[in-house]
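Beneath this line is the structure, given in structure tokens, with notes to follow.
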Amino acid sequence: MDTIKTEVHNILEGAIHAAVAAEELAISEVPDIPFSPTKTPEHGDIATPIALGLAKQARMAPRKIAEIIVTHIDLDAHPNLRQIDIAGAGFINIHLSDNWLYDTLHTITAMQAAYGTCDKGAGKPLQIEFVSANPTGPLNIVSGRAAAVGDTLINLLNAIGYKAIREYYVNDAGGQVERLGESIDVRYRQALGEEGLEIPEGGYQGEYLQEFAQTIADTEADTYLQLKTNERVAYFRDKGIAHILAQQKTSLERFGVNFDVWSSEKAVRDSGKPEEIIQVFREKAYLYEAEGATWFRMTDFGDDKDCVVIRSNGEYTYFVPDAAYHRDKFDRGFTKVIDLLGPDHQGHITRLKNFVKALGLPDDWLEISIIQQVNLVDAEGKRVDMSKRSGQFLTLDDLIDELAETVGEQFAVDVARYFFLMRANSTHLDFNMELAVTHASENPVFYIQYAHARCYSIFEQGDEQGITPKPIEEASLKQLTEPMEHELIRKLAEFPSTVLLSAETREAHRIPHYLYELSGIFHPYYNQHRVLDLTDMEKTHARLILIQCVQSVLKNGLTLLGISAPESM
RNA sequence: GCGCCUAUAGCUCAAUUGGAUAGAGCAACGGACUUCUAAUCCGUAGGUUGCAGGUUCGACUCCUGCUAGGCGUGCCA
């Protein structure tokens with residue numbers, strides 16, 4: 001579709017220039033030519049409202065402009081165009097030829113797994129930082145959503161030619177991990193029988209720490225009681241971080257998400273970069289002292305409040321290492337970085353962007369999106385409170401476990417990823433637990449996967465009947481005369497532009513919707529038209545080409561989402 | 001108080017970023033398995049796009065003001 005759009009664009013542009021040259025159109029500037037989707041076949045395959053847009057400038061009725069433009073297009077010179085109509089207020093509707101349909105099938109057949117990709121990104125290095133949960137407990141559901149979205153966005157960006165990497169920022173320094181160490185210490189001493197202890201304010205109550213401490217007590221007994229309290233807490237902190245991080249990594253791998261780079265906040269702090277950042281801010285006079293703390297003049301950047309960067313106890317707030325971390329990302333050469341933050345980080349967006357601006361980095365270099373909350377709901381849309389095996393919240397692993405009980409491990413991951421991806425990031429997501437485990441058409445994941453499996457089974461069935469698919473060059477594509485076949489091909493042709501749009505707008509949910517729509521054309525086709533027909537082998541071979549293309553696109557789309565494309569179900 | 005997000009059919013959501021008659025699925029009712037997988041398909045219904053203005057040839061989309069819900073908001077990260 002992209003190549004045809006470019007072709008049509010050039011044809012129209014040429015026609016408009018020709019009209020201007022012939023002094024039939026009085027315009028000084030040709031604006032971008034917009035294309036609008038056609039909702040009904042009557043409107044052709046590609047439509048443009050360009051004549052409406054030119055009306056004011058040309059001081060002419062839109063329909064009249066459209067007529068003039070069309071007279072400058074020679075249909076005979078363009079084999080991909082069949083017919084051009086003028087309709088409505090002045091829309092130019094372009095009907096593409098069968099030739100174009102066959103071209104599409106040739107393209108898909110030739111490109112296979114690469115169909116849908118392009119090189120628009122020109123190999124520019126990009127980075128997405130996502131999940132980045134504190135190493136103080138198991139990953140929660142929102143982290144799962146962030147993992148699915150981030151992973152898919154990386155796939156999409158790589159598909160359109162960027163060199164994008166997945167990065168996880170481990171907050172292994174600061175107050176929260178100190179509380180972690182203290183909490184483990186309490187659990188450890190409790191495991192050894194000490195009484196009257198309580199988890200400190202801001203500490204972690206979760207059972208997972210009890211289990212962890214119990215294991216230490218079981219295997220190493222009271223070894224650590226000999227240490228001074230602060231040494232023991234520090235030891236447990238580091239041991240705890242390593243343990244929880246390993247768990248998080250395991251959960252993510254189970255979910256099909258593998259990070260390329262794990263960055264450490266502690267390493268950033270130890271690198272001396274925070275001091276450099278402070279130095280830069282001081283030189284630029286962004287800092288001042290008040291109430292014993294050091295403040296950053298956020299109000300200079302339009303925010304309504306200043307914020308503390310060095311606390312009265314001398315420690316940095318989270319923002320200093322974070323700003324240093326972003327400076328480091330820039331120094332590593334990424335032309336753009338995207339942060340996916342959790343719903344509780346809204347307050348960070350403006351501040352983080354301002355810090356980046358204060359460091360003199362380009363305005364649009366840092367992009368931040370919030371991954372919104374997820375609610376588990378039942379079929380009636382009521383919130384579900386599931387058993388909380390790991391403490392105060394439901395974890396990603398709990399969710400997968402729960403789903404896997406009904407649909408098995410692989411589908412559990414597939415379903416979870418799809419459900420996390422099917423809605424725009426900015427919306428609150430209702431995760432329908434009952435729908436997720438339904439093996440029926442209401443469940444979009446099964447619907448799509450089933451379409452893929454059906455394609456595959458046609459070839460298996462054909463094999464049994466001794467039908468060997470012919471190469472596309474030997475197939476008579478003219479046999480594809482059914483309206484549904486043309487509709488299928490038109491949909492297949494949309495895939496590359498859907499991928500491109502989805503990647504550029506960071507709207508991963510377009511891919512699930514696209515695949516669902518494609519499946520929604522395929523299933524009815526499958527029901528109404530037989531592919532394998534021993535009495536009409538010409539048609540059979542043509543249809544096998546089409547089915548092969550549908551299968552390719554379904555598989556490519558599912559792969560972008562990190563969802564399996566099963567050969568049988 | 002201020003900031004961000006959300007509001008579309010009874011329910012869950014789309015709408016290619018300002019284009020033509022706002023589309024799907026679910027829920028309801030009826031129908032299709034000697035035919036490549038019935039985890040599928042076919043048919044019937046639903047709308048003042050939260051409210052009020054504005055910009056435009058044209059608005060679910062942009063602007064202003066309301067209303068409702070969610071989240072955030074100077075020494076946690």
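The chains referred to below are lettered A, B, ... by the order of the sequence lines, with proteins before strands, and numbering in each begins at 1. This is a predicted model, so every value here is computed, not measured.
Closest approach to the A:Q176 side chain among B:rA15, B:rC41, B:rA77 is made by B:rA77 (side chain taken as heavy atoms from C-beta onward).
With sequence neighbours left out, A:R297 forms a side chain to side chain donor-acceptor pair (under 3.5 Å) with no residue at all. Evaluation of the salt bridge (Lys or Arg N to Asp or Glu O under 4.0 Å) rule for A:R351 yields no partner, not counting sequence neighbours. Partners of A:E275 by salt bridge (Lys or Arg N to Asp or Glu O under 4.0 Å), not counting sequence neighbours: none found.
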Restricting to nitrogen or oxygen on both sides, can you table the protein-nucleotides 4-6 of chain B pairs closer than 3.5 Å?
{"residue": "B:rC4", "atom": "O2", "partner": "A:Q346", "partner atom": "OE1", "Å": "3.2"}
{"residue": "B:rC5", "atom": "O2'", "partner": "A:S426", "partner atom": "O", "Å": "2.7"}
{"residue": "B:rU6", "atom": "OP1", "partner": "A:S426", "partner atom": "OG", "Å": "3.4"}

Pick out the pairs of N or O atoms, protein on one side and nucleotides 28-31 of chain B on the other, that lie under 3.5 Å.
none

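Using a 4.0 Å heavy-atom cutoff across all strands shown, A:R530 reaches at least one base atom of the nucleic acid.
Nucleotide B:rG74 holds its P atom 6 Å from the NZ atom of A:K305, rounded to whole Å. Atom pair A:D303:CG and B:rG72:P shows a separation of 17 Å (rounding to whole Å applied). Separating the CD atom of A:E517 from the C1' atom of B:rU16 is a distance of 10 Å, rounded to the nearest angstrom.
In plain terms, the two heavy atoms of A:K5 and A:I46 that are nearest each other are CG-CD1, 4.3 Å.
Side chain A:H513 to base B:rA15: no donor-acceptor pair is found below 3.5 Å. With hydrogens and angles ignored, no donor-acceptor pair under 3.5 angstrom links the side chain of A:Q373 to the base of B:rC71.
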Query raised in the report: How does RNA chain B read in dot-bracket, base by base from 5' to 3', with Watson-Crick or G-U pairs under 3.5 Å and | used when the partner is on another strand?
Result: (((((((..((((.....[...)))).(((((.......))))).....(((((..]....))))))))))))....

